[in-house]
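Letters A, B, ... are given to chains in the order of the sequence lines, protein chains preceding strands, and every chain is numbered from 1.
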Amino acid sequence: MQTLNWQDAVGMLQAIAKAIITSKPLLTDVDAKIGDGDHGIGMAKGMQKALDKLALLPNDSNVYGVFAAFGKAMLLSMGGASGVIFSSMFLDGAKEQPATEALNAPSFATMMAKGLQSIQARGKASIGDKTMVDALSPAVDAMIAFADDGYATMLRAAEKAAAEGVASTKAMVARFGRAKSLMERAIGFQDAGATSVHIMFAAMADYAESH
Amino acid sequence: MQTLNWQDAVGMLQAIAKAIITSKPLLTDVDAKIGDGDHGIGMAKGMQKALDKLALLPNDSNVYGVFAAFGKAMLLSMGGASGVIFSSMFLDGAKEQPATEALNAPSFATMMAKGLQSIQARGKASIGDKTMVDALSPAVDAMIAFADDGYATMLRAAEKAAAEGVASTKAMVARFGRAKSLMERAIGFQDAGATSVHIMFAAMADYAESH
Amino acid sequence: MYKKIINDPDHVVEELLEGFIAAHARYYEPVPGVNGVLLRQRRISKVTLVVGGGSGHEPMFAGFVGRGLADAAACGNVFASPDPGTICEVATAAHGGQGILFLYGNYAGDNLNFDLAEEMLGEEGIATAHVRVNDDCASAPKDRMDDRRGIAGDLFAIKIAGAACDAGLPLAQVKAVTEQALANLRSIGLATAPGRIPGAASPTFTLDADEIEYGLGIHGEPGIQRSKLASADALTTRLYAQIVADMPLSAGDEVCVLVNGLGSTPAMELYIVYRKLKAMLETDGVRIHGAEIGSYCTSMEMGGFSISLLKLDAQLKRYYDAPCYSPYYAKEGL
Amino acid sequence: MYKKIINDPDHVVEELLEGFIAAHARYYEPVPGVNGVLLRQRRISKVTLVVGGGSGHEPMFAGFVGRGLADAAACGNVFASPDPGTICEVATAAHGGQGILFLYGNYAGDNLNFDLAEEMLGEEGIATAHVRVNDDCASAPKDRMDDRRGIAGDLFAIKIAGAACDAGLPLAQVKAVTEQALANLRSIGLATAPGRIPGAASPTFTLDADEIEYGLGIHGEPGIQRSKLASADALTTRLYAQIVADMPLSAGDEVCVLVNGLGSTPAMELYIVYRKLKAMLETDGVRIHGAEIGSYCTSMEMGGFSISLLKLDAQLKRYYDAPCYSPYYAKEGL
Ligand SMILES: Nc1ncnc2c1ncn2[C@@H]1O[C@H](COP(=O)(O)OP(=O)(O)O)[C@@H](O)[C@H]1O
Ligand SMILES: Nc1ncnc2c1ncn2[C@@H]1O[C@H](COP(=O)(O)OP(=O)(O)O)[C@@H](O)[C@H]1O
Ligand SMILES: [Mg+2]
Ligand SMILES: [Mg+2]
Ligand SMILES: [Mg+2]
Ligand SMILES: [Mg+2]
């Protein structure tokens with residue numbers, strides 16, 4: 001996969017959605033440890049709505065439109081912190097972009113970097129705060145670093161970076177979300193949102209490698 | 001023990017009260033099977049109040065007064081079906097009786113028979129209805145039959161009759177109390193109130209045999 | 001021993017009432033020496049309504065002492081009728097001179113104790129009468145109405161009786177109106193989890209992970225069938241069918257509805273039940289005049305719910321619509 | 001899967017609201033297409049109060065839409081903030097033209113979604129403001145007030161804000177009064193048993209037979225300490241001490257008190273807690289002006305309770321005393 005066209009975008013986002021829906025129990029368990037145990041439910045619901053949206057989306061060839069629609073469907077169906085945060089990941093980097101029929105890897109990386117920026121602007125979380133930013137930020141860095149090597153390489157690198165990010169959250173005290181009231185008691189547990197980010201990048205990397 | 005004086009009456013009623021208090025968990029379990037599981041709690045509470053009453057009772061030598069005071073303390077502290085029913089057992093046969101310093105076995109049997117009568121007048125239960133009457137009625141019959149053989153023999157006979165009465169309730173469908181809505185599902189379980197009656201007679205028989 | 005936020009299991013009722021009367025001191029006063037709750041601003045030129053029964057069903061009974069509701073409540077130990085002394089003290093303190101109607105659930109214990117209290121009050125020349133709530137149509141067949149237990153429908157019985165007292169009816173008529181309410185009232189419930197009596201070592205019954213007790217009583221008395229859990233809609237359909245088999249409803253009838261939680265069941269689930277019940281009533285052409293959804297008559301953390309239907313006639317509707325106020329049941333005038 | 005009386009875990013909120021609005025149709029109307037509750041007879045010449053948050057805390061939030069209370073509630077999924085689209089729809093439907101105050105618990109999710117909604121409304125020229133309830137003094141130290149969660153004290157915040165709106169104050173002043181209420185409001189709770197989210201395979205946490213979670217949040221967020229169960233009096237003493245360490249009270253102060261059940265805890269236990277709390281306040285010379293005892297802000301069958309204290313000043317007292325009516329919170333005028 002050299003560039004991402006409308007079909008690819010739909011396929012890749014479908015793969016993300018299915019991976020998250022399959023991981024619903026895992027995400028819920030992870031969130032239950034130090035949060036309120038609903039992360040899997042909210043994410044799966046948002047992904048289902050986004051899948052429904054994709055199924056009805058008219059093919060206008062604009063790749064950004066697919067990401068924006070996917071994010072918007074999440075935003076208007078999920079609620080919760082993750083609704084705004086995770087929808088921004090797809091929506092905020094894609095909205096108001098000029099229509100494109102084929103997205104190359106560097107543009108994709110730029111889109112995701114904008115999403116991350118917006119997430120940090122809204123949520124105020126930085127690296128080390130035990131949130132999904134701890135997975136997304138290194139994943140975006142990796143994408144930028146490997147953008148010239150094409151989708152498969154770039155996304156696998158991002159997936160690995162996200163995995164390391166997830167692992168890094170275990171040692172952290174939370175500064176955002178429900179886990180922050182736990183203070184030191186949160187140490188030893190990974191962040192639920194970061195876990196979702198990793199699952200998403202794994203799905204993207206798999207998709208890119210097989211398409 | 002040929003006749004029962006004030007001290008004996010207090011001692012015997014104390015023995016009854018302690019036996020019931022000790023059996024609280026058993027009675028509660030029995031009631032839980034087909035009733036609401038509070039029989040042990042109510043009985044133990046009434047017995048504690050009756051014990052407290054006995055501890056403060058001035059010795060006016062009147063034996064009937066001891067039984068009436070015991071029954072009254074139960075009536076005013078227990079509530080529940082068993083409050084009225086079980087207090088009647090002691091109160092209704094003893095109240096409005098001429099003062100007596102020594103109660104012989106036949107008079108004791110008569111007192112208990114009056115109590116039974118009153119219980120049946122109030123509660124409308126007959127033999128076979130799966131209530132405490134199924135233990136008390138044969139016990140009273142046995143007391144009357146053995147009244148001339150003195151307290152020990154009379155009360156042991158009553159205790160045995162009560163035990164058989166308890167056993168007989170297992171085969172019955174309940175017509176009173178909370179178990180009646182169970183219909184056939186009550187079969188196989190003994191009645192809680194009958195169980196209490198047997199415990200009381202066992203305590204009385206033990207007391208008579210050792211005094 | 002199950003976790004309870006209490007001090008001493010033998011004193012839960014005294015402490016509960018102390019807290020209850022203090023928290024709502026604007027409305028209530030205690031009855032010295034016994035477990036009772038008395039309305040402060042009770043009217044005297046009307047029949048006095050005294051309710052009562054075992055504790056552990058909070059807010060039933062004390063929570064329905066109020067303007068347009070009961071004048072006083074006599075409170076027994078957990079799941080045990082109050083004793084006759086308590087009933088007499090409470091009734092005497094509340095009595096406004098026009099006689100007393102006792103309204104309580106039809107249980108052996110309550111019947112015996114309230115009867116004894118009525119005897120004692122009669123000896124003092126106080127006119128009394130009683131109505132025994134027997135709304136639970138799962139507790140005995142229709143030809144044995146006198147054997148049926150009272151459950152959450154008590155709420156409607158108190159509402160109607162209280163309004164009838166306030167309307168100035170004499171004792172015999174208040175009793176007649178209340179009996180008419182009961183003739184038109186049916187309830188049935190089911191449990192998903194048992195109650196926990198303070199001080200008791202084990203719950204009032206046990207259920208497997210997928211089991212419910214269908215038709216059970218509010219003290220954990222076993223019901224008419226141990227069934228499997230089903231969807232809210234399926235359970236509601238079954239309960240509704242059982243009520244209308246017992247008290248037929250026709251198109252054009254008007255009813256009041258109560259969906260009562262037994263203690264630990266979230267309001268969320270009660271509303272999901274109501275949603276289905278309403279749909280079925282609408283299908284049958286029955287109009288819902290009023291709906292109460294909440295845990296009004298509980299059973300010590302029991303899980304589950306009951307449904308009650310009160311079929312209205314012109315008179316019952318008028319009394320149902322009368323305003324009332326207690327901390328647990330407030331109705332604005334219409 | 002825990003026993004729930006539901007149909008489909010993915011549709012509990014829709015079905016709950018359908019039942020809720022139908023049951024209280026005299027007072028409420030739906031907001032087409034989204035999960036919201038709108039007061040029917042809302043006044044238009046005043047600031048509009050919109051509350052909201054995750055579902056699963058019933059009767060909070062929708063149950064406090066009413067006369068003298070909130071004008072509308074935006075309802076999220078169980079334990080998840082409503083999305084910005086829902087908030088906008090609800091707010092727009094409720095808006096009376098004098099601006100909107102959003103009042104909700106201080107959680108990351110709610111903050112993000114309500115902020116986005118305010119952005120969207122601002123683009124349409126609607127004046128908005130928000131106050132985030134942060135009464136839980138166990139959720140962060142005093143120097144990090146902005147990190148504290150909102151729990152049951154929400155009830156008092158809604159009461160005061162609703163009365164301030166009704167008094168005709170402009171938006172900025174309604175906000176200021178509500179902030180003053182929060183400055184004077186502290187809560188803390190403990191759990192004896194976890195909540196159960198519909199569709200979740202396991203409870204929100206687990207506790208040993210003699211354990212409690214002290215200081216926990218209303219979504220089952222772990223508290224500040226896992227402790228042993230103790231007597232009601234001992235637990236209440238500990239919670240009270242923690243509140244007054246955070247918000248000192250002096251002899252002569254007046255407070256309103258809320259003892260809130262988290263779901264499955266019987267009213268009996270809440271009143272036993274109140275009894276002790278009252279005794280301690282009296283010892284400290286603090287006057288109790290009003291007391292609410294009940295399960296107002298629940299957590300899906302969670303066992304346990306919280307205590308909230310609202311320290312009154314003349315203004316807060318006046319707004320607290322204003323009459324209000326919702327099916328869950330009715331106050332007669334004084
Ligand atoms: N301010 C924030 N910035 C970035 N991510 C956040 C922020 N707050 C929460 N999150 C992420 O959201 C996740 C929790 O999501 P979820 O459980 O769905 O929502 P909620 O916390 O409302 O229950 C956390 O694990 C964290 O990764
Ligand atoms: N009408 C009655 N006549 C005689 N005994 C009765 C009657 N009703 C109930 N009982 C007795 O009372 C017992 C139940 O007592 P208890 O559990 O203390 O009261 P409750 O039924 O009010 O919970 C039954 O086991 C039965 O023996
Ligand atoms: Mg969560
Ligand atoms: Mg019993
Ligand atoms: Mg009982
Ligand atoms: Mg959540």
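A side-chain contact (heavy atoms from CB on, under 4.5 Å) with A:Met132 is found for one member of A:Ile85, A:Thr195, A:Val166, A:Leu116 and no other, namely A:Ile85. Checking A:Val30, A:Ile20, A:Asp31, A:Asp191 one by one against A:Ser196, the side-chain contact (heavy atoms from CB on, under 4.5 Å) holds for a single residue, A:Ile20.
Heavy atoms closer than 4.5 Å to chain A are found in the side chain of D:Asn77, but not in its backbone. Looking at A:Arg122, the atoms closer than 4.5 Å to chain D (heavy atoms on both sides) sit in the backbone and in the side chain alike. Only the side chain of A:Lys24 comes within contact range of chain D, judged by heavy atoms closer than 4.5 Å. With a threshold of 4.5 angstrom between heavy atoms, D:Asp147 approaches chain A through its backbone and through its side chain. With a 4.5 Å cut-off on non-hydrogen atoms, D:Phe79 touches chain A through its backbone and its side chain both. For a residue to count as touching a neighbouring chain, one of its non-hydrogen atoms must lie under 4.5 Å from one of that chain's; by this rule D:Val34 does not touch chain A. Residue A:Ile41 touches chain D through its side chain alone, counting heavy-atom pairs closer than 4.5 Å. Only the side chain of A:Asp29 comes within less than 4.5 Å of a heavy atom of chain D; its backbone N, CA, C and O stay farther away. No part of A:Ser87 comes within reach of chain D, as not one of its non-hydrogen atoms sits under 4.5 angstrom from that chain. Using a 4.5 Å cut-off between heavy atoms, D:Gln225 touches chain A through its backbone atoms (N, CA, C, O) alone.
By the 30° and 60° cut-offs, the orientation of the rings of A:His39 relative to A:Phe86 is tilted.
In terms of heavy-atom pairs under 4.5 angstrom with chain D, the leader among A:Ile34, A:Thr28, A:Val84 is A:Val84.
Counted by atom type alone, D:Tyr214 and D:Arg226 present zero donor-acceptor pairs between their side chains at under 3.5 Å.
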| task | Please test D:Lys3 against D:Glu301 for salt bridge (charged side-chain N to carboxylate O under 4.0 Å, His left out), starting from the C-alpha separation and ending with a verdict. | result | CA-CA 11 Å; D:Lys3 284 180 204 167; D:Glu301 299 174 57; over 6 Å; no
| side chain to side chain contact (heavy atoms under 4.5 Å, CB included) between A:Met47 and A:Met74: does it pass, once the steps are laid out? | CA-CA 7 Å; A:Met47 289 296 136; A:Met74 289 174 70; 3.4 Å; yes
| task | Start with the C-alpha distance between A:Arg185 and D:Glu213, add both sets of side-chain angles, then the distance that settles salt bridge (charged side-chain N to carboxylate O under 4.0 Å, His left out), and finish with yes or no. | result | CA-CA 13 Å; A:Arg185 287 169 67 182; D:Glu213 183 75 28; 3.1 Å; yes
